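Keep in mind it's a predicted model, so treat the numbers as computed, not measured. Naming convention: chains lettered A, B, ... in sequence-line order (proteins, then strands); numbering from 1 in each chain.
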Amino acid sequence: MTPAQLSATVLAAVRDVFLARGLDPAALPATTTVERPRNPEHGDYASTLALQLAKRTGVPPRELAAALAERLGQEPGVKSVEIAGPGFLNIRLDAAAAGELARVVVEAGTAYGRSDRLAGERINLEFVSANPTGPVHLGHTRWAAVGDALRRILTAAGARVDSEHYTNDAGLQVERFGESLYAAATGAPTPADGYGGAYVADVAATVAAAHPGLLERPAAEALAVFRDEGYAVMLAEMRASLERFGVHFDVWFSERTLHAGGAVEQALETLRAQGHVYDADGAVWLRTTDFGDDKDRVLVRSNGEKTYFAADAAYYLSKRGRGYDRCIYLLGADHHGYIGRLRAIAACAGDDPQAHIEILIGQLVSLLRGGEPVRLSKRAGTLITLDEIVEAVGVDAARYSLARSSTDSPLTLDIEAITRAANDNPVHYVRYAHARICSVLRNAGELGLYRGTDFRPGLLAHERENVLLKSIGEFPAVVATAGELREPHRVARYLEELAGEYHRFQSTDECRILPRGDEAPTDLHRARLWLIEATRTVLANGLDLLGVSAPERM
RNA sequence: GCGCCCGUAGCUCAGCGGAUAGAGCAGCUGCCUUCUAAGCAGUUGGUCGCAGGUUCGAAUCCUGCCGGGCGCGCCA
């Protein structure tokens, strides 16, 4: 029995109790969940429904719990129901009912964990959105890992998701980048406000090599080539780095195309038609304060130039126009000032910000080197690139360690620790569990032992097996919750628990999976093969949601 | 000054109102003559920043304070 099935059973039971006692079923919640108590003495699952309903019905919780226990105890598969404390219901399942879960998981395979919780949602998920003036670096990497995991999780929860990278290629920064490249190619000093990292010289050399005689051409002409070609080179590098990191964007969106295609103009008209645009001091403003922003924002400067904010508005309208009903922005904490104005854009366009726009703010990654904070700067060239991180620890470890903590908490990474601690990364613990299972399955194959079709779930009666089954059963709810809350780290934390349950199971002498020596294989061995295949399935599915590989050998 | 986030074990961090607050790492003690020791078992370690409040119940929700990070342009 899955937790979802048990929850439905509990809800049906409480409905029966309500009807029998003449209580109003309208007081019942639409859904309920069962918890996994920390303390094993509190049963396999616990329901707090009696506690929650006591106030609404006026029936003392323990009394309600007693009636519910009586009724639930008759359900097939339920071994016992006890009332505890103020009105907890502690439920135990028959081993056979609990063990059936392994069959469910094995038969679902890669589909186990998916749900339709977010079915019908068409989501645009934007993250990284780095300026094309330097390599993807550590500051972006957290969002790359988290954003891509979120894309996978939302998809698993039933949503239709496109991931999108917005490239700020229209403004002054690209201009400065071009100037810096030209300077580097001619041996001139880096201009003020230019880019001085070592990669600048590399990109400049690449561009120069592709255009013989470029430096002999007039400065304005050469500059334009360095700017445009350099930008293209940089963008291609960013893409390649992210792809190597396992992060694929469905859409690479260029800010330039908004300006060139007239989308910005059109956005201004749309907003004006909605009545939130006004002119003052020679500039054109959007009255974002109508919708909670702390000040109005300029769309067109008094010199006639459209602001970055105007492009933001056009960009949002572009997303909506492309059919996304929910636009999710994953931004670093240094951009949290954007929340108000972005939401105001949606509102000014006549949308309901609550429904259509969602801004997730993640805290920044800070860096220590030798215990001292390191200031990262693209301009100064003191940055740690995604490529360097991948080279140091590999894609799996890097992705995992960035995705396993809540983006609400700032992450502190020690540069030495990243490389040195490649071994004490929890990712190994999880992947190792998967590799161990594969190893046992290989050994079973050599013995000619397979799980077969005659599965006897009731044989999985050992406490370690029971606990493992319960962990496996949690997976779909974990994925659904991670999707709803936009919190991929929940999947990682869950996998660490599951891996722990597996390691403990396999270390238990009474839980031999394969026959020893000349022992004859039994139904119990075969039942355990079902159990470990179910465990392997969940580990593999879960790691995949994080973009981390599940190796068959380590 | 205003706004957002954070404060939980020595360190890095989990814990969407539930029962005795957890994990990894670090430390200490054991366990490889059969399924991978990247593992397991045990042990040390906590005023959940502080003070109030809400309720059957608060690390979790509310208020105030303290400490830290980040942000508050006709910049991009």
Take the protein atom CG of A:L495 and the nucleotide atom P of B:C13, then report the distance between them rounded to whole Å. 20 Å
Min side-chain heavy-atom separation A:F309-A:L286 under 4.5 Å: yes
Between A:R504 and A:E501, does any NZ, NE, NH1 or NH2 come within less than 4.0 Å of an OD or OE carboxylate oxygen? yes
Expected list for residues 509-516 of chain A: side-chain donor-acceptor pairs under 3.5 angstrom, two or more places apart:
| from | atom 1 | to | atom 2 | distance (Å) |
| --- | --- | --- | --- | --- |
| A:E510 | OE1 | A:H462 | NE2 | 3.3 |
| A:R512 | NE | A:L514 | O | 3.2 |

A:R464 to A:Y502 six-membered ring, cation-pi geometry met (6.0 Å, 45°): no
Distance check: side-chain N/O of A:S409 vs OP1/OP2 of B:A14, anything under 4.0 Å? yes
Side-chain N,O (A:H489) to OP1/OP2 (B:G15) below 4.0 Å: yes
Winner on side-chain proximity to A:D408, out of B:A14, B:C6, B:C35, is B:C6
Residues 28-43 of chain A, side-chain donor-acceptor partners within the protein, below 3.5 Å, at least two apart:
| from | atom 1 | to | atom 2 | distance (Å) |
| --- | --- | --- | --- | --- |
| A:R36 | NH1 | A:S471 | OG | 3.1 |
| A:R36 | NH1 | A:E474 | OE2 | 2.7 |
| A:N39 | OD1 | A:E41 | N | 2.9 |

Output for pair (A:D169 CG, A:M234 CE), nearest 0.5 Å, gives 14.0 Å
Under 4.0 Å from any atom of RNA chain B, heavy atoms only: list the residues of residues 282-303 of chain A that qualify, in numerical order. A:A283, A:W285, A:D294, A:K295, A:V298, A:R301, A:S302
Which atom of A:A66 lies closest to which atom of A:I83, heavy atoms considered: CA-CD1, 3.4 Å
Would you classify A:L514 as touching base, sugar-phosphate or nothing, given that sugar-phosphate means primed atoms plus P, OP1 and OP2, and contacts are heavy atoms under 4.0 Å? base
What does A:A46 touch in the nucleic acid at a heavy-atom separation under 4.0 angstrom: a base, only the sugar-phosphate, or nothing? base
Mind checking the C1' distance from B:C2 to B:A59? Whole angstroms is fine. 28 Å
Can you list, in residue-number order, the parts of residues 498-512 of chain A that come under 4.0 Å of RNA chain B, counting heavy atoms only? A:H503, A:R504, A:Q506, A:S507, A:C511, A:R512
In whole Å, measure the gap between the P atoms of B:U44 and B:G49 for me. 24 Å
Checking only heavy atoms, does the side chain of A:T481 share a donor-acceptor pair with the base of B:C16 at less than 3.5 Å? yes
Contact class for A:E175 vs. all strands (heavy atom < 4.0 Å): base, sugar-phosphate, or nothing? nothing
The answer to which of A:S405 and A:E255 contacts RNA chain B further toward the 5' end, by nearest nucleotide, is A:S405
Using a cutoff of under 3.5 Å, can you pull out all pairs of nitrogen or oxygen atoms linking the protein to nucleotides 55-59 of chain B, with atom names and distances?
| from | atom 1 | to | atom 2 | distance (Å) |
| --- | --- | --- | --- | --- |
| B:C56 | OP1 | A:K55 | NZ | 3.3 |

Considering only heavy atoms, which members of residues 441-448 of chain A lie under 4.0 Å from some atom of RNA chain B? A:R442, A:N443
When we call it a touch if two heavy atoms are under 4.0 Å apart, what does A:R553 touch: a base, just sugar-phosphate, or nothing? base
Return no unless some side-chain N or O of A:Y429 is found under 4.0 Å from OP1 or OP2 of B:C40. yes
Roughly how far apart are A:H140 NE2 and A:N131 CG, rounded to 0.5 Å? 7.0 Å
Selection from B:G18, B:G15, B:G69 that lies nearest to any side-chain heavy atom of A:Q363: B:G69
For a quick test of your reading: what N or O donor-acceptor pairs under 3.5 Å do the side chains of residues 297-305 of chain A make, sequence neighbours left out?
| from | atom 1 | to | atom 2 | distance (Å) |
| --- | --- | --- | --- | --- |
| A:R297 | NE | A:D293 | OD2 | 2.8 |
| A:R297 | NE | A:K295 | O | 3.4 |
| A:R297 | NH2 | A:D293 | OD1 | 3.1 |
| A:R297 | NH2 | A:D293 | OD2 | 3.4 |
| A:R297 | NH2 | A:D294 | OD1 | 3.0 |
| A:R301 | NH2 | A:E305 | OE1 | 2.9 |
| A:N303 | OD1 | A:E305 | N | 2.9 |

Between B:G3 and B:C50, how far apart are the two P atoms, rounded to whole Å? 24 Å
Give a yes or no on whether a donor-acceptor pair under 3.5 Å exists between the nucleobase atoms of B:A19, that is its base, and the side chain of A:N90. yes
Which value, rounded to the nearest 0.5 Å, describes the distance between A:I361 atom CD1 and A:H336 atom NE2? 7.5 Å
Between C1' of B:G17 and CG of A:L49, the distance in whole Å: 15 Å
Among the nucleotides B:C16, B:C70, B:G18, whichever has the atom closest to the side chain of A:T48 is B:G18
The residue, A:L89 or A:L411, whose nearest nucleotide of RNA chain B is more 5′ is A:L411
Is the gap between the ring centers of A:Y315 and A:Y166 under 6.0 Å? yes
Using a heavy-atom cut-off of 4.0 Å across all strands, would you classify A:A435 as base, sugar-phosphate, or nothing? base
Considering every strand and a 4.0 Å limit on heavy-atom distances, what is the contact class for A:G517: base, sugar-phosphate, or nothing? base
Output all residues satisfying ring pair (Phe, Tyr, Trp, His ring centres under 6.0 Å) with A:Y429, sequence neighbours left out; order by chain, then residue number. A:H503
Given the rule that a pair is Watson-Crick or G-U wobble with both distances under 3.5 Å, how would you write RNA chain B in dot-bracket, using | for pairs to a different strand? (((((((..((((....[...)))).(((((.......))))).....(((((..]....))))))))))))....
Nearest-angstrom distance, C1' atom, B:C48 to B:U8: 4 Å
Under 4.0 Å, heavy atoms only, any strand: does A:N39 hit a base, just the sugar-phosphate, or nothing? base
Please confirm whether A:R341 makes a cation-pi placement over A:Y338, using NZ or CZ under 6.0 Å from the six-membered ring centre and within 45° of the ring normal. yes
Per atom distances to the A:S406 side chain, the nearest of B:C70, B:A14, B:A76 is B:A14
Using atom P of each nucleotide, how far apart are B:C70 and B:C74 to the nearest Å? 23 Å
Could you list the residues that satisfy side chain to side chain contact (heavy atoms under 4.5 Å, CB included) with A:A534, not counting sequence neighbours? A:A102, A:V105, A:V106, A:I472
Residue pair A:Y329, A:Y316: steps toward the side-chain contact (heavy atoms from CB on, under 4.5 Å) verdict: CA-CA 10 Å; A:Y329 296 69; A:Y316 170 76; 3.7 Å; yes
Residues touching RNA chain B, which here means a heavy atom under 4.0 Å, drawn from residues 338-348 of chain A: A:Y338
Among all residues two or more places apart in sequence or in another chain, which pass the side chain to side chain contact (heavy atoms under 4.5 Å, CB included) test with A:H259? A:A170, A:E255, A:V264, A:K306, A:A311
Would you say B:U12 has OP1 or OP2 under 4.0 Å from some side-chain N or O of A:R404? no
When you compare B:U20 with B:A58, how far apart are their P atoms, in angstrom units rounded to a whole number? 11 Å
What's the base orientation of B:C32: syn (chi within 90° of 0) or anti? syn
